[in-house]
Amino acid sequence: MDWTLEVVPVPVTDVDRAKRFYGEQLGFAVDHDTRVDENVRIVQLTPPGSNCSIVIGMAEMEPGSLKGLQLVVPDIERARAQLLERGVEAGKVQHYEGTELVDGPGGGWNNFVHFSDPDGNRWVLQERPAGR
């Protein structure tokens, strides 16, 4: 039996602002935007090439409290450039030396770029080595 992670709730304060950030700036596909009633609106978005989506508008967590959601990309420099071109404040490419995160590229699976959404939910890009 397969167990697949398909949706992750992301806590936000303003659904419209978050939808613009994830949909327009990050380029996530807007799968649906549904108003259940006057008080509940659910927006599901999917990163390009992903089988897992995020949902905004229904998280029972404090906005900005999500830390370390990870997106895996084949080219960390290109992905960072895309973020910057879309107006997303993205950190430098970094890697781990022991337990310390330092500037500059590392080896296989050891290249990271950090960024946050408008509420402070923190994301990490990680580079997948070629051929994997």
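The shown structure was predicted, so the numbers you read here are calculated from the model rather than taken from an experiment.
With contacts defined as side-chain heavy-atom distances shorter than 4.5 Å, the pair Leu26/Pro47 does not qualify. With contacts defined as side-chain heavy-atom distances shorter than 4.5 Å, the pair Val30/Tyr22 does not qualify. Looking only at side-chain heavy atoms (C-beta outward), Val12 and Arg17 stay at 4.5 Å or farther from each other.
To the nearest 0.5 Å, the span separating CZ on Arg122 from NZ on Lys67 amounts to 4.5 Å. Here Asp31 contributes atom CG and Ile42 contributes atom CD1; the two are 13.0 Å apart, rounded to the nearest 0.5 Å. The CD atom of Gln25 lies 10.5 Å from the CG atom of Asp117; values are rounded to the nearest 0.5 Å. Taken from CD in Gln94 to CG in Leu125, the straight-line distance is 12.0 Å, to the nearest 0.5 Å. Considering CD1 of Ile56 and CZ of Arg41, their distance stands at 7.5 Å, rounded to 0.5 Å. Annotation: the span from Thr13 atom OG1 to Glu62 atom CD amounts to 9.5 Å, rounded to 0.5 Å.
At least one donor-acceptor pair closer than 3.5 Å links the side chain of Gln126 to the backbone N or O of Trp109. Proximity of a side-chain donor or acceptor of Ser50 to a complementary backbone N or O of Cys52 within less than 3.5 Å is detected. Formation of a donor-acceptor pair under 3.5 Å by the Gln44 side chain with backbone atoms of His32 is not found in this model. Of the possible polar contacts, one joining the Asn121 side chain to the Leu66 backbone as a donor-acceptor pair under 3.5 Å is found. The backbone N or O of Tyr96 lies less than 3.5 Å from a partner atom in the side chain of Asn110, making a donor-acceptor pair.
Ring geometry for Phe115 versus Trp123: interplanar angle under 30°, hence parallel rather than tilted (30 to 60°).
Atom CD of Gln70 is surrounded by more than 12 heavy atoms from other residues, nucleotides or ligands within 6.0 Å. Within a 6.0 Å sphere centred on CG of Asp37, other residues, nucleotides and ligands contribute more than 12 heavy atoms.
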Step-by-step side-chain contact (heavy atoms from CB on, under 4.5 Å) determination, Leu101 to His114: CA-CA 11 Å; Leu101 197 57; His114 296 83; 3.4 Å; yes

Run the numbers on Thr4 and Asn51 for side-chain contact (heavy atoms from CB on, under 4.5 Å), then give the verdict. CA-CA 9 Å; Thr4 60; Asn51 290 322; over 6 Å; no

Take Asp75 and Gln82, measure what side-chain contact (heavy atoms from CB on, under 4.5 Å) needs, and give me the verdict at the end. CA-CA 11 Å; Asp75 183 332; Gln82 286 180 354; over 6 Å; no

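Residues Leu69 and Val113 fall within the same hydrophobic cluster, defined by Ile, Leu, Val, Met, Phe, Trp and Tyr side chains chained together at heavy-atom separations under 4.5 Å. There is a path of hydrophobic side-chain contacts, each under 4.5 Å, that joins Leu5 to Leu71. Cluster annotation: Val8 and Phe21 are assigned to the same hydrophobic cluster (Ile/Leu/Val/Met/Phe/Trp/Tyr, side-chain heavy-atom contacts under 4.5 Å, transitive). Residues Val73 and Phe112 are members of separate hydrophobic clusters, defined by side-chain heavy-atom contacts under 4.5 angstrom among Ile, Leu, Val, Met, Phe, Trp and Tyr. The hydrophobic cluster containing Val88 does not contain Val124, counting ILVMFWY residues as joined when their side-chain heavy atoms lie under 4.5 angstrom apart, directly or transitively.
Salt bridge absent: Arg20 and Asp14 never bring a charged side-chain N and a carboxylate O closer than 4.0 Å.
Taking both residues in full, the closest heavy atoms of Pro129 and Gly108 are given as CG-CA, 3.6 Å, listed atom of the first, atom of the second, then distance. Gly23 and Leu45 make their closest contact through N-CD2, 3.8 Å (heavy atoms, listed as atom of the first residue, atom of the second, distance). Contact detail for Arg35 and Glu38: the closest heavy-atom pair is NH1-O, 3.5 Å.
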